[in-house]
Amino acid sequence: MSLIVQKYGGTSVATPERINAVAALALKRARRGDQLLIVVSAMGDATDDLIALAKSITSKPDPREMDVLLATGEQVSIALLAMAIKAQGGNAMSFTGAQVGIITDARHTKARILRVEAKGIRKALGEGRIAIVAGFQGETETGEEITTLGRGGSDLTAVALAAALEAEACEFYKDVPGVLTTDPRIVPEARPLPRITYDEMLEMASMGSQVLNARSVEYAKRFGVPLVVRSSFEDVKGTLIVEEEPGMEKVLVRGITYAKNEAKVTVLGVPDRPGVAAELFRALAAADLNVDMIIQDVSESGVTNISFTVTQGDLARTLEVSRGVAARVKAVDVHSDEHVGKVSIIGVGMRSHSGVAAAMFEALAQAGINIQMISTSEIKVSVVIEKTKIEEAVRVLHRRFGLETEQVELARPFITAPEEVGMLTQRMKRPAKPAVRVKARRKR
Ligand code: ADP
Ligand code: ASP
Ligand code: MG
């Protein structure tokens, strides 16, 4: 008998009808003979609503009390799902994060998992029950504090439990048929991907796609947990997230993501001497502020400008810290721009094919979209552009790399001349189906 971990997101349990539908899906699976552990999110926008409620009381809610509040969202859905399964003749038992021993540090609202005890689950499963666990929440070592894992943290709960219990796979159920080439709300022709590597998924998740929480993908890769993303609305195969396999690099661009909640900060007139950048970014890191892209201008007569991006939510604190450093190092001023966003193209094929970045920049130029900042990794190119152009850029790039047609595997190096693009995006044979690994392999 194999153990499967399933995770249902907010959309999949948004209404009583949806909860009943999920209960039916789970029961169908359990009756096939699999042991099931289900992790659920709060219903629909419940977490957003709770945050709004807190903000209606005070603009700076106490983080400890925020966690006490936010953890209630998932507690509602686990109880309702367990009731639904029982009402349909099945057997289920709900657990909070604390009850199963999701032990975290004490960083309220963004706690990190220290270990997973998975208490009580084996027993419940052994008794033929479906175990239902509240996502997104945990408790501190001493049990004194309720914590939450950061937005989208239910995905991490699911992967962490799958790793701890050596589940055969961790399946994510969504309102889309799988991981798509891009956000279907922007490009309706976006296609489901049969497979994607952990690294590509990680880039997509961290570059703004909402499909999976980035930390959960990292965790899955580290512990070798096979992931599947599929629909809770229709019976489709979905997307398999796996280690890179031969042939996967033949697809140049697997997906396109965007983030609209970016802000650009520029420290003007920075003295160009060793240690200044270090001082600025050390101060930001010490304040737990995550910086993404960084650009330093060519220096003129001993001064330069340093620009970088942060999320909009972090902008106020970033400005505070940057102004402090600017005053100390005698920089001239600090500016910010919230009218920017980021678009990224992602694919392991970029490692072995040249010209992908050039093709991206050309396509954006032809659409009259100005690039303000660029950053790259081995398998990703990101650009910062004006926020109002984000959706157009996503559409242009989706077309440019032929993502609306069947996944193509290139037979030869990528060439960027426009007349060659048609050739490259011709339909070709789909890659052979990968074998799902049977056991979660533990790596160090
Ligand atoms: P959940 O309810 O499980 O938390 P989310 O709402 O976080 O699910 O994520 C699914 C949504 O993410 C989809 O409805 C879709 O609109 C959006 N999305 C954005 N980019 C993609 C993508 N590349 N593939 C699939 N869905 C995407
Ligand atoms: N309910 C939480 C959120 O909306 C956690 C999750 O859904 O993963 O962020
Ligand atoms: Mg989500």
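Computation of the quantities below employed the complete heavy-atom set of this structure, encompassing side-chain atoms and omitting hydrogens, waters and symmetry-equivalent molecules. In listed order, ligands and their atoms are each counted from 1.
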Legend entry - Per-atom contacts, ligand 1 versus Gly9 - under 4.0 Å to a heavy atom: 1 (P), 2 (O), 3 (O)
Legend entry - Thr147 side-chain N/O to Thr104 backbone N/O, donor-acceptor pair under 3.5 Å: no
Legend entry - Whether over 12 other heavy atoms sit under 6.0 Å from Asp48 CG: yes
Inset, instruction - Verify whether the ring centers belonging to Phe172 and Tyr8 lie closer than 6.0 Å. - result: no
Legend entry - Close approach of Gly178 to ligand 1, heavy atoms, under 4.0 angstrom: yes
Inset, instruction - Check whether any N or O atom of Val211, backbone or side chain, sits under 3.5 Å from an N or O atom of ligand 1, and answer yes or no. - result: no
Legend entry - Atom NZ of Lys119 with >12 non-hydrogen neighbours under 6.0 angstrom: yes
Legend entry - Atoms in ligand 1 with a heavy atom of Thr11 nearer than 4.0 Å: 2 (O), 6 (O)
Inset, instruction - Take Arg351 and Glu249 through the test salt bridge (Lys or Arg N to Asp or Glu O under 4.0 Å) and record every step on the way to the result. - result: CA-CA 8 Å; Arg351 265 203 309 254; Glu249 80 288 355; over 6 Å; no
Inset, instruction - Answer side chain, backbone, both or neither: which part of Val176 comes under 4.0 Å from ligand 1, heavy atoms only. - result: side chain
Inset, instruction - Output yes when the distance from some N or O of ligand 1 to some N or O of Thr181 is under 3.5 Å, and no in every other case. - result: no
Inset, instruction - Record the part of Asp175 in heavy-atom contact with ligand 1 below 4.0 Å; permitted values are side chain, backbone, both and neither. - result: side chain
Legend entry - Atom indices of ligand 2, in the order listed, that fall short of 4.0 Å to a heavy atom of Arg151: 3 (C), 4 (O), 9 (O)
Inset, instruction - Check each of Arg254, Lys380, Arg195 against Glu200 using the side chain to side chain donor-acceptor pair (under 3.5 Å) test, and report the only one that passes. - result: Arg254
Inset, instruction - Would you indicate whether the side-chain heavy atoms of Lys221 and Leu202 approach each other to under 4.5 Å? - result: no
Legend entry - Where ligand 1 meets Met204 - atom numbers and elements under 4.0 angstrom, heavy-atom basis: 23 (N)
Inset, instruction - Examine the proximity of ligand 1 to Thr182 and report which part, side chain or backbone, both or neither, has a heavy atom under 4.0 Å away. - result: backbone
Inset, instruction - Identify, by atom number and element, the atoms of ligand 1 in contact range of Lys7, meaning under 4.0 Å from any of its heavy atoms. - result: 3 (O)
